[in-house]
Amino acid sequence: MSVESPAMVLRPSPHCDARPEGESISLLVIHNISLPAAEFALLPEQSFVDALFMGTLDCSAHPDFAGLAGLRVSAHCVIWRDGRIFNYVPFAKRAWHAGVSRFAGRERCNDFSIGIELEGTDNLPYTEQQYQSLIKLTYFLMQQHPAITPQRIVGHCDIAPGRKTDPGIAFDWMRYRNAIKSAIKEFFV
């Protein structure tokens with residue numbers, strides 16, 4: 001049975017490049033982001049997060065942005081509070097989301113991973129719409145990239161411990177992992 005791609009708004013970020021030749025996608029990394037911290041977008045396409053990933057963030061717009069000047073980051077997707085998914089980087093390309101990172105003895109996780117940002121913070125609950133969209137997107141990505149197994153779905157905190165804490169204590173890993181297990185039983189057996 002084929003899993004349909006969830007609806008996504010395409011927002012091509014300039015902050016990406018080609019994966020190393022012959023590299024396959026085998027890791028899914030869950031992040032969170034909000035700019036300014038704990039403030040959420042009413043219109044995602046006019047948000048500071050969108051501007052950051054599009055390379056148009058005015059770093060003078062808020063005192064918290066001073067350290068972001070010149071930063072070139074992206075993720076493959078952002079899932080907003082209302083559940084909408086914006087696709088910034090094609091999955092076949094390398095998004096710049098993980099930074100200094102390591103998984104299963106391999107460094108440079110951007111080379112072999114897909115990065116999904118949830119609009120949120122470590123300590124505030126994510127929305128029902130976000131979980132539903134993340135679950136659908138995960139189903140789709142697991143079908144497209146069979147090397148992404150439940151054991152290869154991690155938080156940013158897992159690949160950059162001590163440096164990153166997202167998706168944080170508010171993220172319901174048990175709910176998410178149970179939904180993934182159900183998907184495997186339904187779609188992949």
Side-chain angles (χ1 to χ4, degrees), residues 1-8 24-35 37-41 44 47 49 53 73-89 91 95 97-107 109-189:
M1 177 184 281
S2 178
V3 178
E4 196 173 300
S5 172
M8 292 184 261
S24 64
I25 297 167
S26 62
L27 184 68
L28 179 62
V29 181
I30 310 299
H31 303 260
N32 74 37
I33 190 166
S34 57
L35 290 176
E39 290 186 22
F40 305 132
S47 71
V49 171
F53 288 168
V73 297
S74 61
H76 290 90
C77 294
V78 173
I79 301 176
W80 303 97
R81 304 296 286 182
D82 64 6
R84 283 189 290 164
I85 302 171
F86 281 20
N87 181 209
Y88 288 94
V89 175
F91 298 118
H97 63 95
V100 176
S101 53
R102 179 184 204 85
F103 180 79
R106 288 190 64 192
E107 294 184 357
C109 293
N110 285 339
D111 291 351
F112 56 96
S113 68
I114 290 175
I116 307 297
E117 296 272 3
L118 298 171
E119 185 185 29
T121 69
D122 288 5
N123 302 311
L124 294 174
Y126 296 94
T127 68
E128 177 63 25
Q129 296 95 324
Q130 286 178 299
Y131 281 110
Q132 291 304 314
S133 292
L134 178 61
I135 291 163
K136 287 176 188 171
L137 183 56
T138 301
Y139 290 174
F140 174 73
L141 292 171
M142 289 176 75
Q143 183 183 47
Q144 300 299 309
H145 306 284
I148 298 176
T149 63
Q151 299 77 22
R152 296 185 68 86
I153 300 173
V154 298
H156 199 186
C157 58
D158 299 311
I159 62 169
R163 188 174 71 80
K164 294 295 181 178
T165 58
D166 55 316
I169 60 172
F171 186 72
D172 190 343
W173 280 105
M174 184 178 291
R175 174 189 179 176
Y176 176 58
R177 290 194 188 285
N178 285 341
I180 292 167
K181 287 177 189 173
S182 293
I184 291 169
K185 287 178 186 171
E186 184 176 346
F187 295 110
F188 301 106
V189 174

### Query
Between Phe91 and Cys77, is any pair of side-chain heavy atoms under 4.5 Å apart?
yes

### Query
Is the closest side-chain heavy-atom distance between Pro167 and Trp173 below 4.5 Å?
yes

### Message
Counting C-beta onward and ignoring hydrogens, is there a side-chain heavy-atom pair between Ile79 and Gln130 closer than 4.5 Å?
### Response
yes

### Summary
CD1 of Ile114 to CE of Met142, rounded to nearest 0.5 Å, is 11.5 Å

### Query
Asn32 pairs by side-chain hydrogen bond (donor to acceptor under 3.5 Å, both in side chains) with which of Thr165, Asp122, Asp166?
Asp122

### Query
At their closest point, which heavy atom of Ala95 faces which heavy atom of His76, and how far apart are they?
CB-CE1, 3.4 Å

### Query
How far does CZ of Phe112 sit from OG of Ser26, to the nearest 0.5 angstrom?
5.5 Å

## Note on the structure
By ring-ring contact (aromatic ring centres under 6.0 Å, His included), Tyr126 pairs with (sequence neighbours left out) Phe171

### Message
Could you check whether any side-chain heavy atom of Glu117 comes within less than 4.5 Å of a side-chain heavy atom of Phe53, counting everything from C-beta outward?
### Response
yes

### Message
I need the full list of salt bridge (Lys or Arg N to Asp or Glu O under 4.0 Å) pairs touching residues 143-161, with sequence neighbours left out, sorted by first then second residue.
### Response
none

### Message
Strictly by salt bridge (Lys or Arg N to Asp or Glu O under 4.0 Å), give each pair with a member in residues 126-137 just once, sequence neighbours left out.
### Response
Glu128-Arg175

### Straight-line distance of Ile148 CD1 to Leu27 CG, nearest 0.5 Å
7.5 Å

### Task
Determine yes or no for a side-chain-to-main-chain donor-acceptor pair under 3.5 angstrom, with Thr127 supplying the side chain and Arg81 the backbone.
yes

### Message
Quick check against the 3.5 Å criterion: does Asp111 have a side-chain atom that pairs as donor or acceptor with the backbone of Ser113?
### Response
no

### Message
Please give me the minimum heavy-atom distance between Ala98 and Cys109, naming the atom from each residue.
### Response
CB-CB, 4.1 Å

### Residue pair Leu137 / Pro6: nearest heavy atoms and the distance that separates them
CA-CG, 3.8 Å

### Message
Which residues pass the ring-ring contact (aromatic ring centres under 6.0 Å, His included) test with His31, not counting sequence neighbours?
### Response
His97, His156

### Nearest-0.5 Å distance that lies between atom CD1 in Ile169 and atom OG1 in Thr121
9.0 Å

### Query
Between Pro44 and Ser47, what is the shortest heavy-atom contact and its length?
O-OG, 2.8 Å

### Message
So, taking the atom named CG in Leu118 and the one named CH2 in Trp80, what distance separates them when rounded to the nearest 0.5 Å?
### Response
11.0 Å

### Task
Mind listing the closest non-hydrogen atom pair of Gly115 and Ala75 along with its distance?
O-CB, 3.7 Å

### Task
Considering non-hydrogen atoms only, spot the tightest contact between Gly120 and Phe40 and give its length.
CA-CE2, 3.5 Å

### Message
According to side chain to side chain donor-acceptor pair (under 3.5 Å), who are the partners of Ser24, at least two apart in sequence or on a separate chain?
### Response
none

### Task
Measure the CD1-CG distance between Ile30 and Leu134 for me, rounded to the nearest 0.5 Å.
4.5 Å

### Residue list, side chain to side chain donor-acceptor pair (under 3.5 Å) with Arg163, at least two apart or on another chain
none

